[in-house]
Q: 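My structure is below; once you've seen it, I'll send some questions.
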Amino acid sequence: MIDFGNISYLKNGNERQKRVYDVLIKHQIFDVLVEFDPILTGTFPIEIDIPGSDLDICCYFRDADDFAELIKKSFCKHTDFLLSETYFNHQKTIIANFNVEGFEIEIFAQNIPTKNHNAFKHMLIEHQILLQRGEEFRRAVIDLKLKGDKTEPAFAKLLDLKGNPYQAILDYNIH
């Protein structure tokens with residue numbers, strides 16, 4: 001099983017994953033975020049990224065203001081830097097977006113341990129589904145994404161899951 005908590009697995013991945021690793025290391029993104037238990041989630045870790053896919057990084061803050069200040073100080077020099085605060089699932093959330101060497105990076109942080117973030121849970125479940133269903137299924141997910149579907153709706157459509165696709169993936173029973 002891949003240890004998604006450590007980005008070193010990207011070094012041995014496909015060409016895009018190797019490029020992601022190089023960019024994250026070169027710009028010390030995870031070094032800056034280390035105290036916030038960063039995890040790269042989303043499409044790149046499980047090889048279903050498409051052109052324009054962003055790098056989603058989940059973080060766990062204990063103090064939102066301290067986290068926001070560090071993010072501003074560390075990443076404001078990057079292209080299209082934007083920092084926002086909102087509430088997501090009734091949790092205060094800090095979101096930072098910026099571009100680095102052609103990659104859009106989104107840092108999504110809450111006062112929730114990163115392994116409890118829905119994005120991480122989605123990714124683990126989707127990874128298991130991809131392992132079970134194989135390459136043809138992976139290609140079908142990518143094809144739907146290329147046609148405009150988001151990741152969870154694409155999985156839900158292919159698995160014939162009903163209701164909210166984000167919840168349906170969380171509830172999916174991997175057998």
Q: Please list all pairs meeting ring-ring contact (aromatic ring centres under 6.0 Å, His included) that have one or both residues in residues 134-158, counting only residues at least two apart or in different chains.
A: F137-F155
Q: Which heavy atom of K121 sits nearest a heavy atom of N116, and at what distance?
A: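 Reported closest heavy-atom pair: CE-O, 3.5 Å.
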Q: Mind checking the CG-CD1 spacing from D66 to I94? Nearest 0.5 Å is all I need.
A: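 The distance works out to 10.5 Å.
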Q: How long is the span from the CG atom in N99 to the OG1 atom in T79, to the nearest 0.5 Å?
A: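 Spacing of CG (N99) from OG1 (T79) equals 6.0 Å.
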Q: Quick one: are K26 and V23 in side-chain contact, heavy atoms under 4.5 Å?
A: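 Not in contact.
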Q: F103 versus V20: any side-chain heavy-atom pair under 4.5 Å?
A: yes
Q: Which residue, D56, I29, L10, forms the side-chain contact (heavy atoms from CB on, under 4.5 Å) with L40?
A: L10
Q: Please check if the number of heavy atoms outside E135 that lie under 6.0 Å from its CD is greater than 12.
A: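 Atom CD in E135 is packed in, count exceeds 12.
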Q: If you take all heavy atoms of P45 and T41, which pair is closest and at what distance?
A: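 Taking P45 first and T41 second, the nearest heavy atoms are CD-O, 3.7 Å.
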Q: Would you mind reporting whether T114 and F120 have side-chain heavy atoms less than 4.5 Å apart?
A: no
Q: Is there a donor-acceptor pair under 3.5 Å between the side chain of H117 and the backbone N or O of C59?
A: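 Flag set: sc H117 to bb C59 pair under 3.5 Å.
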Q: L158 vs V141, test: side chain to side chain contact (heavy atoms under 4.5 Å, CB included). Steps then yes/no.
A: CA-CA 8 Å; L158 292 169; V141 169; 3.5 Å; yes
Q: Does a side-chain heavy-atom distance below 4.5 Å link V32 with L70?
A: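 Result yes, sub-4.5 Å side-chain heavy-atom pair found.
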Q: Check whether any side-chain N or O of S53 sits under 3.5 Å from a backbone N or O of I50 as a donor-acceptor pair, and report yes or no.
A: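 Between the backbone of I50 and the side chain of S53 there is a qualifying donor-acceptor contact (under 3.5 Å).
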Q: Treating Ile, Leu, Val, Met, Phe, Trp and Tyr as nodes and any side-chain heavy-atom pair under 4.5 angstrom as an edge, say whether L55 and Y60 lie in one connected cluster.
A: no
Q: With the side chain counted from C-beta on, respond yes when I71 and F81 share a heavy-atom pair under 4.5 Å apart, and no when they do not.
A: yes
Q: Are I112 and I39 co-members of a hydrophobic cluster defined by side-chain heavy atoms under 4.5 Å apart?
A: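 No, I39 does not connect to I112 through the hydrophobic network.
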Q: Looking only at heavy atoms, which two atoms of H122 and Y166 are closest? And how far apart?
A: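 In terms of heavy atoms, the two residues are closest at NE2-O, 2.8 Å.
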Q: Report the residues that fulfil side-chain contact (heavy atoms from CB on, under 4.5 Å) with N14, sequence neighbours left out, ordered by chain and then residue number.
A: R16, Q17, E47
Q: Consider only side-chain heavy atoms of I, L, V, M, F, W and Y, link residues closer than 4.5 Å, and tell whether I105 and I48 are in one cluster.
A: yes
Q: Kindly work out whether a path of hydrophobic side-chain contacts (I/L/V/M/F/W/Y, heavy atoms less than 4.5 Å apart) joins I57 to I7.
A: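 Yes, because I57 and I7 connect within a single hydrophobic cluster, where side-chain heavy atoms sit under 4.5 Å apart.
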Q: Output, in order, the C-alpha distance, side-chain angles, deciding distance and verdict of side chain to side chain contact (heavy atoms under 4.5 Å, CB included) for F67 and N111.
A: CA-CA 10 Å; F67 180 79; N111 186 12; over 6 Å; no
Q: Quick one: CZ on F4 to NZ on K115, what's the gap to the nearest 0.5 Å?
A: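 That separation rounds to 11.0 Å.
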Q: Check for a donor-acceptor pair, side chain of N6 on one end and backbone N or O of S8 on the other, with a separation under 3.5 Å.
A: yes
Q: Side-chain contact test, heavy atoms from C-beta onward, threshold under 4.5 Å: evaluate it for L24 versus V100 and give yes or no.
A: no
Q: Between K18 and N12, is any pair of side-chain heavy atoms under 4.5 Å apart?
A: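 They are not in contact (no side-chain heavy atoms under 4.5 Å apart), so the answer is no.
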Q: Report whether F108 and F30 are members of the same hydrophobic cluster (ILVMFWY, side-chain heavy atoms less than 4.5 Å apart, transitive linking).
A: no
Q: Using side chain to side chain donor-acceptor pair (under 3.5 Å), reason through N97 and E106 one step at a time and then give a plain yes or no.
A: CA-CA 5 Å; N97 297 89; E106 179 173 283; 3.1 Å; yes
Q: Hey, could you give me the CG/CD1 distance between L83 and I107, rounded to the nearest 0.5 Å?
A: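 Answer rounded to 0.5 Å: 9.0 Å.
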Q: Mind checking the CG-CD spacing from D22 to E101? Nearest 0.5 Å is all I need.
A: 9.0 Å
Q: Show every salt bridge (charged side-chain N to carboxylate O under 4.0 Å, His left out) that has at least one partner inside residues 77-96, sequence neighbours left out.
A: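 Every pair satisfying salt bridge (charged side-chain N to carboxylate O under 4.0 Å, His left out) with a residue in residues 77-96: E85-K92.
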Q: Evaluate the salt bridge (charged side-chain N to carboxylate O under 4.0 Å, His left out) criterion for residues D143 and R139: first the C-alpha distance (whole Å), next the side-chain angles of each, then the deciding distance (0.1 Å), finally the verdict.
A: CA-CA 6 Å; D143 288 343; R139 287 288 342 145; 3.6 Å; yes
Q: Measure the acute angle between the ring planes of F75 and F98, then classify it against the limits of 30° and 60° as parallel, tilted or perpendicular.
A: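 It falls in the parallel class, under 30°.
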Q: Going from OG1 on T43 to CD1 on I142, what distance comes out if it is rounded to the nearest 0.5 angstrom?
A: 9.0 Å
Q: Is the shortest side-chain heavy-atom distance between I95 and L82 below 4.5 Å?
A: no
